[in-house]
2 protein chains.
Amino acid sequence: MGVVERKQRHKEELKKDILAAARELFTERGWESTSIRNIAEKIEYSPATIYLYYKDKNEIIFDLHREGFKLLIDYFGVLKGVADPFERLKAMGRAYIRFALENQDTYKLMFVMEEPLRHVESCVAQDWNEGDRAFDILLNTVAECQQKGYFKNLHTANISFVIWSTMHGLCTLRTSGHLGHVGLVRNSGMDIDLLLTNAYEEFVKMMEQLKA
Amino acid sequence: MGVVERKQRHKEELKKDILAAARELFTERGWESTSIRNIAEKIEYSPATIYLYYKDKNEIIFDLHREGFKLLIDYFGVLKGVADPFERLKAMGRAYIRFALENQDTYKLMFVMEEPLRHVESCVAQDWNEGDRAFDILLNTVAECQQKGYFKNLHTANISFVIWSTMHGLCTLRTSGHLGHVGLVRNSGMDIDLLLTNAYEEFVKMMEQLKA
DNA sequence: CAAACGTACTGAACACTGTTCAGTAAATCA
DNA sequence: TGATTTACTGAACAGTGTTCAGTACGTTTG
């Protein structure tokens with residue numbers, strides 16, 4: 001009897017609908033102003049129904065969180081065509097910035113908010129490889145750069161953390177608006193995204209000078 | 001007649017009491033779980049009273065925000081004894097990390113949350129020099145380092161932004177818990193603060209190699 | 001001295017939030 | 001047909017930031 005299967009299919013579809021509604025509201029209004037009631041209204045169900053498919057709001061965030069990492073890896077897709085590891089590292093930084101600027105709320109979800117992480121903790125040993133994969137790409141690229149003479153005498157993992165931190169810092173200071181509130185920037189009336197690009201290129205120059 | 005003055009004094013005291021209560025609740029439970037009603041209860045006044053002294057919750061955040069910058073500059077106090085600019089830059093980084101770890105919620109208020117910034121925007125040309133002063137200290141130190149042969153051919157402001165971003169990235173990835181969720185760290189069981197220190201020292205090494 | 005005024009404060013409400021749970025209606029099974 | 005399971009919901013709970021009419025009281029004026 002395909003009845004139970006049909007029901008199962010319907011349940012899965014509804015779960016997808018919830019996530020789709022959440023994603024849509026979330027990307028156009030940010031997470032802060034997306035409530036369970038908003039999502040429920042969009043899919044034309046009662047708010048209580050959502051709790052039959054998701055334990056709580058954080059579980060919904062977490063699903064979007066995972067989607068975000070997949071998207072980031074998509075952004076890293078362009079790197080496959082770049083043979084030289086240092087050029088790849090440079091392109092990776094640019095892709096990271098592009099991702100952060102084009103998906104500001106998703107970025108916040110992935111790397112700033114603490115709620116989705118708490119959910120990762122609760123489901124130990126679950127398939128949470130998306131996040132690691134993104135970091136592994138960086139780790140491998142840095143290691144390849146070292147074989148080409150870059151970052152000699154520097155610890156691979158540590159230097160990768162530093163690079164990630166720099167990128168993360170640049171992106172969050174930009175998107176949160178803090179970069180634009182520094183007097184130097186505020187008074188000069190300089191374009192904030194140009195400043196971000198300039199700062200990144202300066203960082204690339206820094207790394208370039210770290211070649212043996 | 002000193003009556004009106006006495007009243008004025010009392011009003012100012014109450015405003016300080018509100019801020020003190022907010023600061024206390026805030027530092028021990030974080031901003032998320034500090035409500036206007038909590039603050040009101042602590043000072044034994046009605047919630048509505050708070051709105052006679054502060055326009056809204058963001059204005060209270062902003063006052064704590066300012067205090068935070070003063071505290072950060074206090075942390076930078078140790079730098080006055082360091083003559084060599086590069087040593088001073090190194091010490092500055094350590095002080096920044098110490099500040100961020102010892103005042104995690106205040107740090108979030110100052111450099112992560114967007115609400116206090118919105119209040120800065122509303123009161124244009126107000127005395128908002130605390131934030132700039134902290135950045136100027138960095139800017140000047142970097143400039144001095146350049147005179148000693150460091151960061152040659154690099155743009156002072158850009159390199160300062162990069163350094164700030166790196167520090168900010170390290171601190172926020174640490175305090176938000178994201179650093180601890182990278183597979184490499186999670187599996188190795190490495191102490192997270194040791195990792196942060198190591199990463200910072202690696203960053204110092206990077207900068208050391210940027211001497212002409 | 002009494003009436004008018006101004007200030008400081010509050011209770012109660014509004015419109016939200018995430019979340020729970022008893023109850024209902026319909027589909028399925030025995 | 002009757003019992004059971006499934007899917008769903010209305011209403012409530014406890015909380016949030018914020019507003020506003022109303023009160024109580026000290027000060028000023030006639």
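Reminder, nothing fancy here: chain letters follow the sequence lines and each chain counts from 1.
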Give the rounded distance in Å between these two atoms: [atom1] of [X] and [atom2] of [N].
{"X": "A/I43", "N": "D/dC8", "atom1": "CD1", "atom2": "C1'", "answer": "11 Å"}
{"X": "B/I50", "N": "C/dA8", "atom1": "CD1", "atom2": "C1'", "answer": "14 Å"}
{"X": "A/L14", "N": "D/dT9", "atom1": "CG", "atom2": "P", "answer": "9 Å"}
{"X": "B/Y45", "N": "C/dA8", "atom1": "OH", "atom2": "C1'", "answer": "9 Å"}
{"X": "B/H10", "N": "C/dA8", "atom1": "NE2", "atom2": "C1'", "answer": "10 Å"}
{"X": "A/I61", "N": "C/dT19", "atom1": "CD1", "atom2": "P", "answer": "9 Å"}
{"X": "B/L52", "N": "D/dT19", "atom1": "CG", "atom2": "P", "answer": "11 Å"}
{"X": "B/Y51", "N": "C/dA12", "atom1": "OH", "atom2": "P", "answer": "18 Å"}

Residue B/S35, side-chain heavy atoms: nucleotide from D/dG17, C/dT17, C/dC9 that is nearest: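 It is D/dG17.
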
The side chain of A/A48 is closest to which nucleotide in this list: C/dT10, D/dT9, C/dA13?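 Looking only at heavy atoms from C-beta outward on A/A48, the closest nucleotide is D/dT9.
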
Please list all pairs meeting ring-ring contact (aromatic ring centres under 6.0 Å, His included) that have one or both residues in residues 33-52 of chain B, counting only residues at least two apart or in different chains.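 Pairs touching residues 33-52 of chain B that pass the test: none.
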
Establish, from distance only, whether the side-chain atoms of B/E102 and B/Y107 form a donor-acceptor pair under 3.5 Å.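 No donor-acceptor contact under 3.5 Å links the two side chains.
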
A/S165 and B/T166: which non-hydrogen atoms are nearest, and at how many Å?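 Smallest interatomic distance, heavy atoms only, reads CB-O, 3.8 Å.
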
Identify the heavy atoms of B/T156 and B/Q146 that sit nearest to each other, and give their distance.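 It is OG1-OE1, 2.6 Å.
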
Do the side-chain N or O atoms of [X] get closer than 4.0 angstrom to the phosphate oxygens (OP1, OP2) of [N]?
{"X": "A/S46", "N": "D/dC8", "answer": "no"}
{"X": "A/Y53", "N": "D/dC8", "answer": "yes"}
{"X": "A/T49", "N": "D/dT9", "answer": "yes"}

With hydrogens left out and only the distance checked, is there a donor-acceptor pair under 3.5 Å joining A/R37's side chain and the base of C/dG18?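 Result: at least one qualifying N/O pair found.
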
Kindly calculate the angle separating the two end axes of the helix from C/dC1-D/dG30 to C/dA30-D/dT1, each obtained from five base pairs, and round it to 10 degrees.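 Between the first-five-pair axis and the last-five-pair axis there is 40°.
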
Touch check for B/S33, heavy atoms < 4.0 angstrom, all strands: base, sugar-phosphate only, or nothing?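 The residue B/S33 makes no contact with any strand.
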
pair A/R174-A/L170: side-chain heavy atoms closer than 4.5 Å: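 Side-chain contact under 4.5 Å: no.
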
Check whether any side-chain heavy atom of B/T27 lies under 4.5 Å from a side-chain heavy atom of B/D105, and answer yes or no.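 No, their side chains stay 4.5 Å or more apart.
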
Results of side-chain contact (heavy atoms from CB on, under 4.5 Å) for A/E12 - residues two or more places apart only: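 side-chain contact (heavy atoms from CB on, under 4.5 Å) check on A/E12 returns A/Q8.
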
